[in-house]
Amino acid sequence: MAGKLTVVGFGPGGKEDMTLRAVHAIEDADIVTGYTAYVDLLKEFFPDKTYKATGMMKEVDRCRSAIEDAASGKKVAIVSSGDSGIYGMTGLVYELAEEMKAGIEIESVPGVTAASSSASVLGAPLMHDTALISLSDLMTSIEKIMDRVDAAGRADFVIALYNPKSRNRTEYLGQAADILLKYRSPETPVGIVRDAGRKDQSKTLTTLGKLKDADVDMFCTVVIGNSQTYVRDGLMITPRGYRGKRF
Ligand code: SAH
């Protein structure tokens, strides 16, 4: 009999930020499949599980193997950090399961995405319309990415940048900042959170004008305020618009 594949977003990293549903899905699984660094994180919280870890860039192999294990009757949890449906594995799992005619049951368990966990560290920067943009050009052309940055800038969205910088992509963050400076003041608040919800969590407040020179890597989420966002007592706040309104 075919088993079940649960696609689990386990949040930013700490067990307290996992949903109960995510905890139960991992506890119930016969096999937990994921990227090596994530598996190492989860081993701390669930030491007795059977894990299958694969390296970065092995996403297709990892999903195929999880689908095959589920098709053979196992209960499998395939894990991503944050929300699995946001730059995670969920879409690929559905696509491959159809292609492989796997006939398995698939469940998607949402998680706390990096934009949310980072926002909670910074204050309340996502209180108004927000665009999530990944600066990784592995799957999307850099022209399209920058076009989206431009559109979000023009429309005054708060912007949460995922994958803001890696060793091989050091220029894109500065390019994105230059595009946004066409629409926003150099004083626009920017918050950078590294390792949100993990033991080495840190945050930096800077401005759009200085973003190019900020210390950013792939463990960071960069939150760029809209035209209304301000900083007070070290907190980045985007007004929702309550003040001055009668309720
Ligand atoms: N599915 C994940 C995103 C994966 S893309 C989610 O929903 O959160 C990987 C990017 O997410 C990283 O480059 C970084 O920008 C962001 N990210 C993931 N975990 C993070 C954390 N704990 N703190 C800050 N940013 C994080």
Side-chain angles (χ1 to χ4, degrees), residues 6-19 21-22 25-26 33-42 44-45 54-59 62-63 66 77-94 108-123 125-126 130-140 142 145 148-149 152 158-174 176-177 190-206 211 214-224 236:
T6 310
V7 196
V8 180
F10 63 81
K15 193 169 180 188
E16 299 215 319
D17 288 325
M18 292 178 70
T19 66
R21 214 173 134 196
I26 292 169
T33 301
Y35 168 47
T36 316
Y38 297 157
V39 162
D40 288 346
L41 255 173
L42 291 178
E44 260 184 59
F45 311 136
T54 51
M56 200 137 68
M57 313 292 292
K58 293 276 183 204
E59 286 86 356
R62 188 186 311 146
C63 285
I78 184 164
V79 294
S80 301
S81 73
D83 187 312
S84 230
I86 298 178
Y87 311 123
M89 294 283 98
T90 315
L92 185 56
V93 163
Y94 280 116
S108 171
V109 176
V112 177
T113 191
S116 297
S117 50
S118 300
S120 72
V121 175
L122 293 169
L126 309 186
T130 299
L132 309 184
I133 302 178
S134 166
L135 292 190
S136 166
D137 65 347
L138 292 175
M139 239 65 84
T140 308
I142 192 60
I145 292 170
R148 287 174 176 166
V149 169
V158 175
I159 299 172
L161 293 176
Y162 285 61
N163 299 301
K165 219 180 223 185
S166 76
R167 246 168 297 157
N168 304 323
R169 292 179 288 104
T170 54
E171 303 299 315
Y172 296 164
L173 184 61
V190 172
I192 300 165
V193 182
R194 190 171 197 277
D195 282 330
R198 300 183 185 169
K199 60 179 184 308
D200 296 325
Q201 170 181 300
S202 64
K203 74 165 176 178
T204 310
L205 286 178
T206 182
L211 177 55
D215 189 12
V216 172
D217 61 23
M218 62 188 281
F219 301 104
C220 297
T221 296
V222 175
V223 180
I224 302 164
M236 192 175 163

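In this chain, numbering begins with 1 at the start of the sequence shown. Keep in mind that what you see is a predicted model, and the values were worked out from it rather than measured. In listed order, ligands and their atoms are each counted from 1.
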More than 12 non-hydrogen atoms from neighbouring residues, nucleotides or ligands closer than 6.0 Å to CG on Asp215, yes or no?
no
Report yes or no: do Thr113 and Tyr162 form a side-chain donor-acceptor pair below 3.5 Å?
yes
Indicate yes or no: at least one non-hydrogen side-chain atom of Ile224 is less than 4.5 angstrom from one of Leu211.
yes
State, without any angle test, whether Tyr172 and Asp137 hold a side-chain donor-acceptor pair at a distance under 3.5 Å.
yes
With a 4.5 Å cut-off on side-chain heavy atoms, are Leu173 and Leu135 touching?
yes
Pairs under 3.5 Å, nitrogen or oxygen of ligand 1 with protein nitrogen or oxygen:
| from | atom 1 | to | atom 2 | distance (Å) |
| --- | --- | --- | --- | --- |
| ligand 1 | 1 (N) | Ser81 | O | 2.9 |
| ligand 1 | 1 (N) | Asp83 | O | 3.0 |
| ligand 1 | 1 (N) | Ile86 | O | 2.7 |
| ligand 1 | 7 (O) | Asp83 | N | 2.8 |
| ligand 1 | 7 (O) | Asp83 | O | 3.3 |
| ligand 1 | 7 (O) | Thr113 | OG1 | 2.6 |
| ligand 1 | 8 (O) | Thr113 | OG1 | 3.4 |
| ligand 1 | 8 (O) | Ala114 | N | 2.9 |
| ligand 1 | 13 (O) | Asn163 | N | 3.3 |
| ligand 1 | 13 (O) | Asn163 | OD1 | 3.1 |
| ligand 1 | 13 (O) | Met218 | O | 2.6 |
| ligand 1 | 15 (O) | Asn163 | N | 3.0 |
| ligand 1 | 15 (O) | Cys220 | O | 2.7 |
| ligand 1 | 22 (N) | Pro12 | O | 3.4 |
| ligand 1 | 22 (N) | Ala196 | N | 3.4 |
| ligand 1 | 22 (N) | Ala196 | O | 3.0 |
| ligand 1 | 23 (N) | Ala196 | N | 2.8 |
| ligand 1 | 25 (N) | Thr221 | OG1 | 2.7 |

Check whether any side-chain heavy atom of Phe10 sits under 4.5 Å from a side-chain heavy atom of Leu41, and report yes or no.
yes
